[in-house]
Amino acid sequence: MTWRGFRFLWPWVSPDQATLKNVRTRVRVRDNGGMTPLTHIQDSTGDLAGPWSAVSCTDAELAARIQELEKEMRVLMWEQLQCIAEADHRAIHTDTTARSLQVWLQGLLNIDPRDAKTRVTVARNVEDRRSLYGETMPPDMPETAHAMSEGAIGLEHARVIVNGIRRLPEYARCHQVAEVEATLAGYARTMSPRELEKLAERIRYLLDQDGAYRNEENQHEARELHYATARDGMTVIKAKLDRETGAKFAALIEPLAAPRPEIDGEKDPRTAGQRNADGFAALLDLALDHDGTPRTGGQRPQMTISIDFDDLKQSLGFINEDGMPGTLNTERAITAQNARRIACDAEVLPIVLDGDSLPLDVGRAKRTAPTHIRTALLRRDGVCAFPGCDRPPGTPEAHHVQHWADGGATDLDNMVMLCGHHHRTLHNQRWDITMHDGRPEFIPPPTVDPRRTPRPGGRALPAQHRAIVDRHLASSRGHASAPSG
């Protein structure tokens with residue numbers, strides 16, 4: 001056997017472990033430098049003697065049992081780590097074709113490489129040790145080992161602590177490692193591994209401010225963002241942002257990507273990825289609508305669509321109607337149906353082309369929803385008039401009830417303000433809108449409501465609030481002033 005300066009043994013049963021209920025204690029004896037398993041015995045409580053059913057227990061008993069089993073599994077993991085450390089000292093993997101203990105353990109347990117690496121790394125730091133002279137020596141991280149042996153923390157907690165210590169500056173590892181390790185092990189008993197990782201990073205930033213600054217500068221140098229158009233026309237984005245830029249992005253995207261409020265008990269059906277994509281789209285709308293964005297050739301950044309007016313006028317959705325697609329500024333096609341939706345609230349520039357699609361004459365650009373109309377719509381409808389929409393993110397879009405390309409008027413009686421999501425929903429599902437007393441009512445398609453019951457939209461106006469209050473106050477005053485006899 002090859003000795004590496006120290007011989008490491010461990011007590012298999014500690015007083016704390018023996019008191020754990022329902023733990024099967026492994027009893028082993030020393031035999032010529034080896035640990036030989038004898039038998040498995042049950043705890044003296046005898047709780048394992050009878051059958052136990054999760055179905056028949058109460059909620060409190062079930063929760064307690066789950067907690068107990070987690071504690072027991074953590075204790076067994078600590079015991080396994082002791083075995084892994086011993087296997088490391090014996091260099092068991094050298095008798096096989098495995099090139100390292102990690103690879104050997106990966107094949108032995110059928111686990112992922114990351115999991116095997118974590119177990120080996122943690123095992124080397126929490127193993128119980130004895131010197132060549134039989135002296136008891138504490139583990140490299142005694143508080144972490146103690147917490148694991150009690151089942152108070154798990155393998156992921158230990159991994160965070162080991163990595164946190166490893167990333168400390170050299171002088172801190174020499175003089176403050178015990179204090180840092182005890183602090184992390186203590187908080188690990190009440191913190192999740194993710195929260196513990198944040199604490200470990202904060203400690204490192206405190207003890208190594210120069211190194212932390214260099215790391216942030218290196219992250220800034222490693223920043224990158226790539227985007228490309230895939231063959232199907234979708235844009236693929238891959239980014240790696242430094243923590244400052246990442247924080248800005250998260251602060252902007254999180255409120256825009258939040259789940260929508262429940263409508264009639266139905267939760268937002270979008271996945272997290274879809275919500276993030278919609279939030280990013282809303283963020284782009286806000287940027288395009290801002291006057292401070294950089295200009296190209298004297299113009300604000302803008303998405304452009306080129307489409308024949310006759311194609312834009314098509315109602316679409318029917319097989320016998322032909323509508324040629326439009327062309328985006330990325331030179332990719334877009335359906336006339338989506339172009340029609342976008343054109344509800346856009347700037348239209350008429351261009352007369354010849355047979356070869358060369359411009360012969362250019363008209364004057366005109367907004368399909370002028371500023372004064374948008375102001376009035378926001379006053380009447382808020383950000384979105386669709387029933388049940390609660391303060392949606394992004395830039396509001398003015399929708400023509402009868403499309404302007406079909407001769408619809410650009411006025412309050414033919415327009416309604418919608419968020420991007422409900423504007424798309426209205427066009428795709430073909431909702432109808434009517435005006436009742438100057439306010440929009442939304443009529444769902446048969447696929448949503450077979451009875452097509454109108455749903456009032458918009459937001460309550462101060463005048464309506466005043467009418468309701470006056471009506472109730474007048475009723476109260478009339479009741480109070482009624483003659484008694």
Side-chain angles (χ1 to χ4, degrees), residues 222-242 245-246 248-250 252-254 256-257 259-260 268-289 293-297 299-349 351 353-359 392-395 397 403 405 418-430 447:
R223 70 194 185 282
E224 57 180 341
L225 188 149
H226 306 277
Y227 65 94
T229 303
R231 292 182 178 180
D232 60 358
M234 296 191 71
T235 299
V236 180
I237 301 174
K238 179 182 178 182
K240 186 177 181 182
L241 308 177
D242 59 81
T245 307
K248 294 177 184 178
F249 177 76
L252 289 170
I253 199 71
E254 285 176 358
L256 299 176
R260 300 191 190 99
D268 190 342
R270 299 175 299 168
T271 65
Q274 290 173 332
R275 289 192 286 107
N276 288 335
D278 291 346
F280 186 68
L283 184 62
L284 296 178
D285 289 339
L286 292 171
L288 288 173
D289 199 50
T293 51
R295 297 173 179 264
T296 302
Q299 292 185 343
R300 288 170 49 189
Q302 53 190 335
M303 177 187 67
T304 61
I305 298 177
S306 302
I307 187 171
D308 188 273
F309 184 67
D310 291 334
D311 295 323
L312 186 65
K313 288 177 61 178
Q314 296 293 336
S315 297
L316 302 177
F318 300 97
I319 298 177
N320 59 349
E321 291 187 351
D322 297 324
M324 289 295 291
T327 304
L328 290 163
N329 52 286
T330 57
E331 299 184 356
R332 306 294 299 198
I334 185 171
T335 61
Q337 184 174 359
N338 275 326
R340 188 180 179 87
R341 171 180 56 82
I342 296 169
C344 276
D345 188 359
E347 188 176 73
V348 177
L349 178 64
I351 302 178
L353 305 177
D354 63 11
D356 295 326
S357 296
L358 297 177
T395 304
E397 301 173 1
H403 203 283
L418 298 170
C419 68
H421 166 72
H422 284 121
H423 195 189
R424 182 183 292 270
T425 299
L426 191 139
H427 275 266
N428 292 346
Q429 296 183 0
R430 299 188 179 279
T447 55

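Keep in mind that the numbers below use all heavy atoms, side chains included, and drop hydrogens, waters and symmetry copies. Computed from a prediction, not measured in an experiment: that's the story for all the values here.
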From K240 NZ over to L225 CG, what is the distance, rounded to the nearest 0.5 angstrom?
13.0 Å

Heavy-atom closest pair (D268 atom, P259 atom, distance to 0.1 Å) is OD2-CA, 3.5 Å

Looking at every heavy atom in both Q274 and R270, which two are closest together, and how far apart are they?
OE1-CA, 3.3 Å

Rounded distance [0.5 Å steps], CG in L256 versus CG in L286:
6.0 Å

Give, for atom NE2 of H423 and atom CG of N428, the distance between the pair rounded to the nearest 0.5 Å.
10.0 Å

Are the side chains of D278 and R424 in contact, using a 4.5 Å heavy-atom criterion?
no

Closest non-hydrogen atom pair, F280 against I253:
N-CD1, 3.1 Å

Using modelled atom types only, decide if a donor and an acceptor are shared between the side chain of R223 and the backbone of D242 within a distance under 3.5 Å.
no

Considering non-hydrogen atoms only, spot the tightest contact between V236 and A230 and give its length.
CG2-CB, 4.1 Å

NZ on K238 to CD on E224, rounded to 0.5 Å:
6.0 Å

How long is the gap from CD on Q429 to NE2 on H422, to the nearest 0.5 Å?
9.0 Å

